[in-house]
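Predicted, not measured: the structure shown is a model, and the values here were computed from it.
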Amino acid sequence: MRALVRHIGPAAAWALVLLLGFEAALHCDAWLYRYRSVFAAGRAEDKMRHAANRQPATLFIGNSRTDNGLSPIAFRAGAGLPDDAAVFNLGLPGANTLVLRGVVERLLGRGMKPPADVFIALDETLFQDEDSLGYYGFFARRTDLWDDRLHAALFGSWLRSWYYSGNLRQLREPDKLGRFVQATFSEVEPVGGSAAHTAGYRKGRSGGFQSAEQLRAQEGATHAPPDPRMTRHLLDLVERLAGAGSRVHLIAVPMFERASAFGPDVAAGPYADIVPALQARGARWLETPLSRALEAGDFADPGHLNDHGARVFSSSLGQAYARTRAARP
């Protein structure tokens with residue numbers, strides 16, 4: 001070490017030590033949890049930590065439409081479950097099936113028992129290779145990154161200071177920089193509340209979580225065919241959960257003036273074969289008749305329900321689930 005200091009100089013040596021310390025911190029789940037109010041990966045860690053602790057019997061997984069669209073409280077009420085029934089929303093905004101597979105495997109590795117019921121909210125953007133929120137290097141399985149030829153993200157899973165540089169650039173925004181500084185010195189909960197208090201659900205509100213550019217990108221993905229790699233990850237995830245004893249239900253969260261690309265009545269289109277393939281691996285489609293038609297006032301934006309709409313849909317989903325439970329032999 002002394003020879004290294006003499007060779008590169010004390011200032012450079014201290015810079016290297018600081019860089020190595022920062023890199024080590026980025027590999028620590030406690031760092032992600034500390035900045036859960038700043039970065040999407042931190043909020044995901046908040047959800048994962050409390051999901052593992054809560055040991056949910058019912059788990060919702062998906063992207064932002066799950067995050068904003070499935071209220072555990074309203075689901076319990078519709079299903080006639082007791083207030084203390086462990087229902088948890090693991091919706092991760094911007095996630096795809098590669099991320100969801102890695103997150104579920106990590107939770108099972110942390111000691112979470114396979115939930116009795118898992119609801120997967122199908123969405124076209126789940127099947128696209130997109131990582132603008134920086135999940136891959138933290139949550140995707142390295143074997144999957146290698147198999148999918150996502151070598152940059154695989155390298156970033158080892159050198160996270162390089163991988164996470166795009167997210168750190170977000171600190172140029174005054175609001176995020178302020179939350180970062182505050183979270184450095186005190187506990188700051190994510191926008192919408194901690195997963196410990198909300199069971200993972202975040203109420204949708206107009207203009208609250210996605211910019212117009214992000215909404216356009218999400219809508220554009222609905223016209224793209226599914227990435228075969230992402231399809232494979234969901235097939236593997238369903239097979240893994242069903243093999244562990246979970247009942248896997250496939251659902252679609254309502255959108256404003258646009259029908260879902262999934263379901264038993266979809267006869268054509270690039271996503272038509274996905275539900276039958278998932279059913280062949282043990283999943284089942286759960287049709288959800290709504291208690292009333294949703295209107296514009298039930299949506300935070302065209303792709304996401306607000307809290308009022310989420311309560312209508314979640315209660316209806318609970319009722320549909322109760323009917324399937326009553327029909328079991």
Side-chain angles (χ1 to χ4, degrees), residues 47 56-83 85-95 100 115 117-126 192-193 195 198-210 215 218-219 222 247-266 271 274-275 278 283-326:
K47 285 199 172 195
T58 302
L59 185 68
F60 304 134
I61 62 175
N63 58 19
S64 58
R65 290 185 173 124
T66 300
D67 188 34
N68 302 147
L70 288 164
S71 163
I73 293 176
F75 175 85
R76 282 199 300 264
L81 298 175
D83 291 343
V87 182
F88 196 87
N89 183 324
L90 194 63
L92 302 177
L100 295 181
D117 292 280
V118 177
F119 293 79
I120 301 177
L122 297 180
D123 179 270
E124 297 95 325
T125 56
L126 284 178
T198 65
Y201 168 63
R202 180 163 65 176
K203 298 178 182 180
R205 52 187 174 85
S206 299
F209 308 120
Q210 289 185 304
L215 287 171
Q218 186 174 63
E219 189 61 23
T222 65
R247 292 181 292 268
V248 182
H249 311 273
L250 307 174
I251 63 173
V253 178
M255 291 170 283
F256 185 60
E257 294 185 341
R258 186 167 76 81
S260 171
F262 303 92
D265 298 329
V266 177
Y271 294 88
I274 288 179
V275 168
L278 294 171
R284 65 193 79 183
W285 177 261
L286 181 57
E287 196 66 36
T288 308
L290 297 175
S291 58
R292 67 164 178 79
L294 295 175
E295 302 171 348
D298 295 311
F299 291 84
D301 58 56
H304 299 82
L305 294 167
N306 60 23
D307 182 52
H308 195 261
R311 284 186 277 115
V312 173
F313 173 64
S314 302
S315 176
S316 299
L317 178 64
Q319 294 169 16
Y321 166 71
R323 288 191 291 270
T324 65
R325 188 177 55 176

- request: May I ask you to test the N63-T125 pair for a side-chain heavy-atom distance under 4.5 Å?
  value: yes
- prompt: Is the closest side-chain heavy-atom distance between R325 and L81 below 4.5 Å?
  reply: yes
field: Heavy-atom donor-acceptor pair, R284 side chain to L250 backbone, under 3.5 Å
entry: no
- request: Walk me through it: do F256 and E295 pass the test side-chain contact (heavy atoms from CB on, under 4.5 Å)?
  value: CA-CA 8 Å; F256 185 60; E295 302 171 348; over 6 Å; no
- prompt: Between the main-chain N or O of R311 and the side-chain N or O of S315, is there a donor-acceptor pair closer than 3.5 Å?
  reply: no
- prompt: Are any of the side-chain heavy atoms of V118 and I61 separated by less than 4.5 Å?
  reply: yes
- request: Using a 4.5 Å cut-off on heavy atoms from C-beta on, say whether the side chain of P56 contacts that of V87.
  value: no
- prompt: Is there a donor-acceptor pair closer than 3.5 Å between any side-chain N or O of S64 and the backbone N or O of D67?
  reply: no
message: R76: which residues meet the salt bridge (Lys or Arg N to Asp or Glu O under 4.0 Å) condition with it, sequence neighbours left out?
response: none
- request: Determine yes or no for a side-chain-to-main-chain donor-acceptor pair under 3.5 angstrom, with N306 supplying the side chain and G297 the backbone.
  value: yes
Shortest non-hydrogen contact from A252 toward F313: O-CZ, 3.7 Å
field: Nearest atoms (heavy-atom pairs only) where P115 meets L59
entry: CG-CB, 3.9 Å
- line: Of T66, N89, D307, the one forming a side-chain hydrogen bond (donor to acceptor under 3.5 Å, both in side chains) with Y201 is D307
message: Ignoring hydrogens, what is the shortest heavy-atom contact between G204 and A300? Give both atom names and the distance.
response: C-CB, 3.9 Å
query: Counting only heavy atoms not in I73, do more than 12 fall under 6.0 Å of its CD1?
result: no
- prompt: So L122 and I251, side-chain contact (heavy atoms from CB on, under 4.5 Å) or not? Walk me through it.
  reply: CA-CA 6 Å; L122 297 180; I251 63 173; over 6 Å; no
- prompt: Can you find a side-chain donor-acceptor pair between H308 and D298 that sits under 3.5 Å?
  reply: yes
query: Counting N and O atoms only, with roles assigned by atom type, does the side chain of K47 sit under 3.5 Å from a partner on the main chain of L92, one being a donor and the other an acceptor?
result: no
- prompt: Among F60, F119, F75, whose ring-ring contact (aromatic ring centres under 6.0 Å, His included) with H249 holds?
  reply: F119
- prompt: At their closest point, which heavy atom of S316 faces which heavy atom of L290, and how far apart are they?
  reply: OG-CA, 3.6 Å
- request: Enter the distance from I274:CD1 to E124:CD here, rounded to the nearest 0.5 Å.
  value: 9.0 Å
query: Heavy-atom distance under 4.5 Å between the side chains of D117 and Y321, does that happen here?
result: yes
query: Between atom CG of L126 and atom CD1 of I120, what is the distance when rounded to the nearest 0.5 Å?
result: 9.0 Å
- request: Indicate yes or no: at least one non-hydrogen side-chain atom of H304 is less than 4.5 angstrom from one of P93.
  value: no
query: Below 4.5 Å, heavy atoms only, C-beta onward: do N68 and L305 meet side chain to side chain?
result: no
- prompt: Does A310 offer a backbone N or O that forms a donor-acceptor pair with the side chain of S71 under 3.5 Å?
  reply: no
task: Give the intermediate values and the outcome of salt bridge (Lys or Arg N to Asp or Glu O under 4.0 Å) for residues R323 and E287.
output: CA-CA 11 Å; R323 288 191 291 270; E287 196 66 36; over 6 Å; no
message: Do T324 and L286 make a side-chain contact, defined as non-hydrogen atoms from C-beta onward lying under 4.5 Å apart?
response: yes
